[in-house]
There are 2 protein chains.
Amino acid sequence: MLKGTLEGVVLTALSTKPTHGYEIVGWLRERGFEDVAEGTVYALLVRIEQRGLVDVTRVPSDKGPSRKVYSVNDLGQEYINEFWATWDTLANRLEAINRGRSR
Amino acid sequence: MLKGTLEGVVLTALSTKPTHGYEIVGWLRERGFEDVAEGTVYALLVRIEQRGLVDVTRVPSDKGPSRKVYSVNDLGQEYINEFWATWDTLANRLEAINRGRSR
DNA sequence: CGCCGGTACCTAGTTTGGCTAAGTACCACT
DNA sequence: AGTGGTACTTAGCCAAACTAGGTACCGGCG
């Protein structure tokens with residue numbers, strides 16, 4: 001059911017604080033997305049990079065291999081705004097249906 | 001972004017009133033899902049039937065070919081409950097992230 | 001020194017569930 | 001006979017999740 005929302009979520013995370021994939025995974029876990037696979041996140045990051053929604057810089061780490069730090073650019077910010085707008089209308093529609101259902 | 005939610009929505013619709021595919025499409029259109037393709041709905045109906053979430057009866061129509069009327073069974077109702085539960089937690093998580101984002 | 005665990009990233013292949021774009025067929029009405 | 005609304009079906013595509021690995025860097029420990 002998550003489909004499509006993960007991208008918006010990750011971009012939103014990156015917009016408040018540019019960071020790298022491994023940390024994003026941890027950030028997601030803290031927010032209830034426990035069973036999002038690492039591979040999913042990395043694939044997603046590749047995708048948003050290819051679409052030009054984020055800028056990337058390599059940053060060395062003292063605890064392991066160098067990190068790819070992603071930061072949201074203008075196009076990405078635009079995407080984020082649209083994402084939350086569509087999320088909002090979808091949530092409203094669903095809420096209306098949920099209220100009307102028989103329980 | 002709709003992915004996965006359509007099923008729950010359609011099943012919920014069917015749980016309040018058993019009906020056929022063509023009417024479901026209209027029902028969806030009235031509730032903001034204007035651009036859900038007919039093919040999508042019929043494919044979805046086949047899916048939920050194969051999973052045993054609905055029972056089907058053929059009902060003749062005086063305006064066209066006979067209708068396949070779907071009604072939600074116990075298993076389907078269970079699915080609906082789970083669907084709204086997961087939707088709820090997802091919506092809460094998203095809302096929390098949305099509140100926290102920089103605008 | 002070697003290896004283990006944590007950090008960090010990447011890939012191939014599959015499944016799911018949308019989409020388009022057709023086609024079929026029934027019926028009423030003109 | 002043809003048109004338009006009703007009603008269902010199918011084949012094939014694509015995005016985005018998933019599984020299930022692999023690679024590599026680093027510090028610390030025996």
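A, B, ... follow the sequence lines: proteins, then strands. Residue 1 opens every chain.
As rounded to whole Å, 16 Å separates atom P of D:dA24 from atom NZ of A:Lys68. Rounded to an integer number of Å, the gap from A:His20 NE2 to C:dC10 C1' is 16 Å. For A:Gln50 and D:dA16, the CD to P distance is 12 Å, given to the nearest whole Å. D:dT6 atom P lies 12 Å from atom CZ of B:Arg29, rounded to whole Å. Across the protein-nucleic acid pair, B:Arg67 atom CZ and D:dT9 atom P stand 14 Å apart, rounded to whole Å. Rounded to a whole Å, the CZ atom of A:Arg58 is 11 Å from the P atom of D:dC25.
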Can you give the donor-acceptor pairs under 3.5 Å from side chains of residues 28-39 of chain A to other protein atoms, not counting sequence neighbours?
| from | atom 1 | to | atom 2 | distance (Å) |
| --- | --- | --- | --- | --- |
| A:Arg29 | NH1 | A:Glu34 | O | 2.5 |
| A:Arg29 | NH1 | A:Val36 | O | 3.0 |
| A:Arg29 | NH2 | A:Val36 | O | 3.3 |
| A:Arg31 | NH1 | A:Trp27 | O | 3.1 |

Please list, pair by pair, any protein nitrogen or oxygen found under 3.5 Å from a nitrogen or oxygen in nucleotides 23-29 of chain C.
| from | atom 1 | to | atom 2 | distance (Å) |
| --- | --- | --- | --- | --- |
| C:dC27 | O3' | B:Asp62 | O | 3.4 |

For nucleotides 17-19 of chain C, give me every protein contact, N/O to N/O, under 3.5 Å, one pair per line with atom names.
| from | atom 1 | to | atom 2 | distance (Å) |
| --- | --- | --- | --- | --- |
| C:dG17 | OP2 | B:Arg51 | NH2 | 2.8 |
| C:dG17 | N2 | B:Lys3 | NZ | 3.1 |
| C:dG18 | OP1 | B:Gly4 | N | 2.9 |
| C:dG18 | OP2 | B:Arg47 | NH2 | 2.8 |
| C:dC19 | OP2 | B:Thr40 | OG1 | 2.3 |

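For B:Tyr42, no side-chain nitrogen or oxygen approaches OP1 or OP2 of D:dT9 to under 4.0 Å.
For A:Lys68 and A:Glu49, the salt-bridge test passes: some basic side-chain N is under 4.0 Å from an acidic carboxylate O. Contact check on A:Glu23 versus A:Lys17 returns a salt bridge, with a Lys/Arg side-chain nitrogen under 4.0 Å from an Asp/Glu carboxylate oxygen.
Candidate nucleotides D:dT6, C:dC10, C:dA8 were compared by shortest atom distance to the side chain of A:Tyr22, and C:dA8 ranks first.
A:Lys3 is linked by a salt bridge (charged side-chain N to carboxylate O under 4.0 Å, His left out) to nothing, counting only residues two or more places apart in sequence or in another chain. A search for salt bridge (charged side-chain N to carboxylate O under 4.0 Å, His left out) contacts involving A:Glu82 returns nothing, not counting sequence neighbours.
Aromatic ring pairs are classed by plane angle as parallel below 30°, tilted from 30° to 60° and perpendicular above 60°; the pair A:Trp87 and A:Trp84 is perpendicular.
DNA chain D is contacted by no residue of residues 84-97 of chain B, taking any non-hydrogen atom closer than 4.0 Å.
Residue A:Val56 is grouped with residue A:Tyr42 when hydrophobic side chains (ILVMFWY) are merged at heavy-atom distances under 4.5 angstrom, including chains of intermediate members.
Taking both residues in full, the closest heavy atoms of A:Arg101 and B:Ile80 are given as NH1-CG2, 3.7 Å, listed atom of the first, atom of the second, then distance.
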